[in-house]
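Read the structure below first, then the notes.
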Amino acid sequence: MTARRIDGKAAALALRQRVAAGVAEFQSRTGRPPGLATVLVGEDPASAVYVRSKGKATTEAGMAGFAHDLSASTSEAELLDLVARLNADDRVDGILVQLPLPAQIDSARVIAALDPAKDVDGFHPINVGRLSAGLDALVPCTPLGCLHLLKAELGSLAGLDAVVVGRSNIVGKPMAALLIAESATVTIAHSKSRDLPGIVRRADILVAAVGRPEMVRGDWIKPGATVIDVGINRVPAEGGKSRLVGDVAFDEAAAVAGAITPVPGGVGPMTIAMLMRNTLVAAHRRAGLPDPETF
Ligand code: NAP
């Protein structure tokens, strides 16, 4: 391996410590902690694990957590009613509705019902529009975490060629918007792109957010490139076990890249740290205070 291994765990820990300090300061200025409400509908095991770890991080940061666990048969009207109550609750600065929602609920309608000022996932059309217009917005946590790692590694991104593989609303598109705002030259590739290896070979910065285990091979990587692997894929391992791999073939890519995030331990830990950061930022904005210095 020649590439530097980008330690997302350490970066996330440092960010969470800065957020915790910001929380204490916010509480001393306003007399209350920032609050994050989580909404889980149904019993999807992966979603339950995510929501529990978000709740744990909330408490560890010194924020108030409000957990709402609803049954899988919850109607859209019931969920919209809860969202309206959370929008009106002054103790709540951030609302996280865990996706995916059960089939009877239209997630776009639920997201549109969130108060954009409390939309700490950054999925509300107002926040999506503000991000693409270059205005202050609440930005989706995973791409914001990727940007944090990239800036820590490279400093200025201005003029660099960036390729984002994947165009989801959660990762690919907001990642591209953030990179444009940093003055990178951005290409977005997806399943219909022709000559994906050729496109990726141009990248000084590669962000892979595809969901296909080890799809990006070492000989696609430009020597010295910075590689951010968002993918989390579970694949069979020896002894009937399973293991997590990214969208990039790590060992091959690490022999060519300048720096690379591992999976696990790269982008993953940054996502929850950024959720805490977004909640602290939302609390400041709602209280009419300037943004905290957390990044
Ligand atoms: P998604 O909504 O399924 O989007 C995947 C994207 O990859 C789509 O734009 C798709 O293109 C593109 N794609 C699929 N096959 C391709 C191919 N053969 N060549 C080129 N592009 C291809 O996924 P997502 O939500 O963005 O997540 C992507 C990955 O990141 C998943 O592994 C997910 O688990 C992981 N993830 C991790 C975190 C974290 O915290 N680390 C957070 C979110 C997601 P089309 O649009 O043309 O279909």
Side-chain angles (χ1 to χ4, degrees), residues 5-13 15-16 38 44-54 56-57 96-101 107-108 111 120-123 128 131 139-150 162-179 186-203 206-217 220-221 227-235 242-250 253 260-278:
R5 191 185 174 96
I6 299 174
D7 188 346
K9 243 169 143 173
L13 183 65
L15 178 59
R16 281 165 68 162
T38 56
D44 176 61
S47 293
V49 168
Y50 287 140
V51 170
R52 262 202 307 280
S53 48
K54 288 165 186 173
K56 189 163 164 269
L96 180 138
V97 180
Q98 184 66 41
L99 302 177
L101 291 166
S107 29
I111 290 167
V120 283
D121 261 337
F123 296 161
V128 176
L131 172 63
V139 175
C141 302
T142 299
L144 195 56
C146 295
L147 183 71
H148 181 86
L149 295 177
L150 280 168
V163 171
V164 180
V165 188
R167 56 174 164 180
S168 71
N169 291 333
I170 294 174
V171 189
K173 283 183 204 155
M175 186 74 244
L178 287 168
L179 289 165
V186 182
T187 303
I188 306 183
H190 46 73
S191 68
K192 305 290 186 293
S193 298
R194 280 180 287 171
D195 186 21
L196 189 60
I199 295 170
V200 170
R201 268 183 209 116
R202 297 204 304 261
L206 170 66
V207 180
V210 186
R212 291 184 175 259
E214 301 179 324
M215 183 188 82
V216 177
R217 309 309 310 187
W220 300 17
I221 306 289
V227 177
I228 304 289
D229 190 351
V230 183
I232 302 179
N233 309 288
R234 193 164 280 287
V235 295
S242 67
R243 66 190 176 98
L244 292 181
V245 298
D247 291 338
V248 178
F250 182 86
I260 184 167
T261 57
V263 177
V267 174
M270 289 304 291
T271 297
I272 292 186
M274 280 300 174
L275 177 66
M276 300 301 114
R277 177 261 180 207
N278 277 357

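In each ligand, atom 1 is the first atom listed, and ligand 1 is the first ligand listed. Just so we're clear, the structure is a prediction, and the values are computed from it rather than from any experiment.
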Report task. Tell me which protein heavy atom sits closest to atom 8 (C) of ligand 1, plus the residue, atom name and distance to 0.1 Å. Result -> Arg167 N, 3.9 Å
Query raised in the report: Under 3.5 Å between some N or O of ligand 1 and some N or O of Ile232?
Result: yes
Query raised in the report: Mind checking whether Leu99 and Phe123 have side chains closer than 4.5 Å, heavy atoms only?
Result: yes
Query raised in the report: Does Ala189 have a non-hydrogen atom less than 4.0 Å from ligand 1?
Result: no
Query raised in the report: What protein heavy atom sits nearest atom 43 (C) of ligand 1, and how far away is it?
Result: Val171 CG2, 3.8 Å
Query raised in the report: Would you say Lys192 has any N or O atom under 3.5 Å from an N or O of ligand 1, going by distance alone?
Result: no
Query - atom 31 (C) of ligand 1 - nearest protein heavy atom and its distance - result: Gly211 CA, 3.6 Å
Query - Cys146: which of Ile228, Val164, Leu178 passes side chain to side chain contact (heavy atoms under 4.5 Å, CB included) - result: Ile228
Query - Validation row: Ser47, Pro100 side chains within 4.5 angstrom (heavy atoms) - result: yes
Query raised in the report: Does Ser168 reach the main-chain N or O of Val171 with its side chain, forming a donor-acceptor pair under 3.5 Å?
Result: yes
Report summary line: Under 4.0 Å between heavy atoms, the region of Thr271 that gets near ligand 1 turns out to be side chain
**Report entry** Point-to-point distance, once rounded to the nearest 0.5 Å, from CZ of Arg52 to OG1 of Thr38
**Finding:** 11.0 Å
Report summary line: A student checking ligand 1 against Val267 at a 4.0 Å heavy-atom cut-off should list atoms 41 (N)
Query raised in the report: Closer than 4.0 angstrom: is that true for some heavy atom of Ala209 and an atom of ligand 1?
Result: yes
Query raised in the report: Hey, does Asn233 have a side-chain heavy atom less than 4.5 Å from the side chain of Val245?
Result: yes
Report summary line: Near Asn233 (heavy-atom distance under 4.0 Å), the atoms of ligand 1 are 32 (O)
Query raised in the report: Against heavy atoms of Gly268, which atoms of ligand 1 measure under 4.0 Å?
Result: 41 (N)
**Report entry** Top protein contact for atom 15 (N) of ligand 1, by heavy-atom distance
**Finding:** Arg212 NE, 2.9 Å
Report task. Given side-chain contact (heavy atoms from CB on, under 4.5 Å), test Leu150 with Leu179 step by step and report yes or no. Result -> CA-CA 10 Å; Leu150 280 168; Leu179 289 165; 4.0 Å; yes
Report summary line: Quick note on ligand 1: atoms under 4.0 Å from a heavy atom of Gly166 include exactly 6 (C), 7 (O), 9 (O)
Query - Heavy-atom side-chain contact between His148 and Arg277 under 4.5 Å - result: no
Query raised in the report: Who's the nearest protein heavy-atom neighbour of atom 42 (C) of ligand 1, and how far?
Result: Thr142 OG1, 3.3 Å
Requested in this report: Could you walk me through whether Cys141 and Asp121 pass the side-chain contact (heavy atoms from CB on, under 4.5 Å) test, one step at a time?
Outcome: CA-CA 6 Å; Cys141 302; Asp121 261 337; 4.3 Å; yes
Query raised in the report: Are any of the N or O atoms of Ser168 closer than 3.5 Å to those of ligand 1?
Result: yes
Report summary line: Within 4.0 Å of some non-hydrogen atom of Leu196, the atoms of ligand 1 are 19 (N), 20 (C)
Requested in this report: If you have a sec, work out which protein heavy atom is nearest atom 5 (C) of ligand 1 and how many Å separate them, to one decimal?
Outcome: Val210 O, 3.3 Å
Query raised in the report: Is there a donor-acceptor contact under 3.5 Å from the side chain of Asp229 to the main chain of Ile260?
Result: no
Query raised in the report: Can any side-chain N or O of Thr261 pair as donor or acceptor with the backbone N or O of Ile6 at less than 3.5 Å?
Result: no
Report summary line: atom 10 (C) of ligand 1: closest protein heavy atom, distance to 0.1 Å, is Ser191 N, 4.3 Å
**Report entry** Expected output: side-chain Asp247 to main-chain Glu214 donor-acceptor under 3.5 Å
**Finding:** no
Query raised in the report: Measuring from Arg201:CZ to Leu206:CG, what's the distance to the nearest 0.5 Å?
Result: 12.0 Å
Query raised in the report: Hey, is Met270 one of the residues with a heavy atom under 4.0 angstrom from ligand 1?
Result: no
**Report entry** Met215 neighbourhood, listing ligand 1 atoms whose heavy-atom distance to it stays under 4.0 Å
**Finding:** 17 (C), 18 (N), 19 (N)
Query raised in the report: Under a 4.0 Å heavy-atom limit, does Val230 contact ligand 1 with its side chain, its backbone, both, or neither?
Result: both
